[in-house]
Amino acid sequence: MAGDTIESVWIGSRKQPLKSPPAVIAATLEGKRIVRVHRAGKHIVFDLEGEVPPKQGARAVRGQTRQAASLQTAQWIVHLGMTGRMVVSEPAAELVKHTHLIAKLASGRELRFIDPRMFGKLSVHAGGFDPGGVEPLEVSEERFLELFRGRKTPIKSALLNQKLLRGVGNIYADESLFQAGIRPQKRAAAITRERLAKLHRAVGEVLREAIALGGSSISDYVDADGEEGFFQLQHRVYGREGEPCPVCRTAIRRVVLSGRSSHYCPKCQK
DNA sequence: ATACCGACCTGTCAGC
DNA sequence: TGCTGACAGGTCGGTA
């Protein structure tokens with residue numbers, strides 16, 4: 001995407017996936033060059049740059065000298081929610097149901113946002129978007145330990161709290177806790193430093209392995225090229241209730257914790 | 001401040 | 001075949 005320019009934007013009639021008004025999103029994206037696409041937690045971030053339009057707002061202030069061709073920057077933030085997909089398509093590609101936004105690019109390609117359940121979110125920012133929390137792949141062990149200090153909440157809930165650690169979702173929380181040998185229900189504050197240090201390493205290992213395999217395609221997930229991931233084949237506990245633990249063959253259990261299914265091995269995880 | 005719980009949506013699948 | 005209910009990669013706001 002980097003280097004391509006958004007020429008025009010079509011937005012569907014459903015408003016649910018939008019955090020910013022559709023007209024604002026369209027106006028912010030159109031004519032902008034995509035400088036960089038990166039990720040912050042679960043958010044996809046498009047750094048945009050464009051010329052300041054010649055006529056801004058309803059009225060130009062009389063007598064004010066306009067800056068010559070200054071650059072305007074903005075950020076487009078995309079959160080895929082549960083079933084969101086951002087895919088690069090040829091214009092001729094079939095228009096699938098639940099397509100909510102199409103951005104036509106100067107290269108002739110299209111960037112499409114598809115989301116059946118509409119839990120995804122699109123927004124635009126002038127810049128300085130703050131996703132909150134720390135990156136699990138960058139945080140030091142010391143800072144990681146601090147995140148959970150004194151928290152009485154179950155460790156699973158703390159892992160899912162995006163204000164603490166950003167980017168860990170239900171699958172990766174369960175898989176990391178299995179790898180670290182910690183029960184999801186265990187109170188965060190009651191976990192030893194050594195065990196939390198192990199969790200720190202486990203989160204990193206699980207995420208790196210998942211990323212290397214292209215993510216977990218359970219029903220909807222595909223990457224920007226429409227390719228499915230394969231990490232779902234490596235899930236040790238997630239979605240495996242009743243199946244034998246890969247380590248000790250004990251049946252995997254499922255409990256509901258703060259509204260989310262949590263899977264664990266009752267023997268390996270204490 | 002903190003912690004559950006329903007709400008937000010559509011789709012799929014198991015069970016009857 | 002078709003109905004119903006449970007469940008699904010997430011987050012938010014209300015209530016206790």
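Reminder, nothing fancy here: chain letters follow the sequence lines and each chain counts from 1.
Rounded to a whole Å, the NZ atom of A:K163 is 13 Å from the C1' atom of B:dA3. Rounded to whole Å, the distance from CG on A:L122 to C1' on C:dT11 is 15 Å. Following rounding to the nearest Å, A:L160 (CG) and C:dC12 (C1') show an atom-to-atom distance of 15 Å. Rounded to whole Å, atom C1' of B:dA3 lies 16 Å from atom NZ of A:K156. In this structure, A:L159 places its CG atom 12 Å from P of C:dG10, rounding to the nearest Å. As a whole-Å value, the separation of A:M82 CE from C:dT11 P is 10 Å. Between the C1' atom of C:dT11 and the NE2 atom of A:H43 lies a distance of 10 Å, rounded to the nearest Å. Distance, A:N161 CG to B:dA3 P: 9 Å, rounded to whole Å.
The backbone N or O of A:A40 sits nowhere less than 3.5 Å from a side-chain atom of A:E135 that would complete a donor-acceptor pair. Between the side chain of A:R201 and the backbone N or O of A:V203 there is no donor-acceptor pair closer than 3.5 Å. A donor-acceptor pair under 3.5 Å is formed between the side chain of A:R183 and the backbone N or O of A:Q269.
A heavy-atom distance below 4.0 Å to DNA chain C is reached by these residues of residues 165-190 of chain A, ordered by number: A:G169, A:N170, A:I171.
Lacking a ring centre under 5.5 Å from that of the base six-membered ring together with a plane angle below 30°, A:F119 does not count as stacked on C:dT11.
Among the heavy atoms of the strands, none lies under 4.0 Å from A:D115. Residue-level contact check: A:S261 touches the backbone only, with heavy atoms under 4.0 Å from sugar-phosphate atoms and none from bases. If you check every strand for non-hydrogen atoms under 4.0 Å, A:T153 touches sugar and phosphate atoms only.
Rounded to a whole angstrom, the distance from the P atom of C:dG14 to that of B:dC9 is 16 Å. Straight-line distance between the C1' atoms of C:dA8 and B:dA3: roughly 23 Å, to the nearest whole Å. Comparing B:dG11 with C:dC12, their P atoms sit 24 Å apart, to the nearest whole Å. Rounded to the nearest Å, the gap between the P atom of C:dA6 and that of B:dC5 is 16 Å.
Taking 4.0 Å as the cut-off between side-chain N and carboxylate O, A:E205 and A:R236 do not count as a salt-bridged pair. For A:R143 and A:E138, the salt-bridge test fails: no basic side-chain N is under 4.0 Å from an acidic carboxylate O.
Under the 4.5 Å side-chain contact rule for hydrophobic residues, A:W10 and A:I6 do not share a cluster. Clustering ILVMFWY residues whenever any of their side-chain heavy atoms sit less than 4.5 angstrom apart, transitively, puts A:I191 in a cluster other than the one holding A:L257.
Phosphate proximity of C:dG10 to A:K42: present, with a side-chain N or O under 4.0 Å from OP1 or OP2.
In this structure, a donor-acceptor pair under 3.5 Å is present between the side chains of A:D4 and A:S107. A donor and an acceptor atom, one from each side chain of A:D115 and A:H100, are nowhere located under 3.5 Å apart. Defined by atom type and a distance below 3.5 Å, a donor-acceptor pair is missing between the side-chain atoms of A:R117 and A:T83.
Taking OG1 from A:T5 and CD1 from A:I34, the interatomic distance works out to 7.5 Å, rounded to the nearest 0.5 Å. For the atom pair OG (A:S216) and CG (A:N170), the distance works out to 11.0 Å, reported to the nearest 0.5 Å.
In DNA chain C, runs of at least 3 stacked Watson-Crick or G-U pairs (N1-N3 plus N6-O4 or O6-N4, or N1-O2 plus O6-N3, all under 3.5 Å) give these stems: B:2-8 with C:10-16, B:10-16 with C:2-8.
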Might you list the N or O atoms of the protein lying below 3.5 Å from N or O atoms in nucleotides 10-14 of chain B, with each pair's distance?
residue, atom, partner, partner atom, Å
B:dT10, O4', A:P116, O, 3.4
B:dT10, O3', A:H98, NE2, 3.1
B:dG11, OP1, A:K97, NZ, 3.2
B:dG11, OP1, A:H98, NE2, 2.5

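Nucleotides of DNA chain B nearest to A:R151 and A:G259 differ in position, and the one nearer the 5' end is that of A:R151.
Screening A:K32, A:Q75, A:R33 for a side-chain hydrogen bond (donor to acceptor under 3.5 Å, both in side chains) involving A:D47 leaves a single residue, A:Q75.
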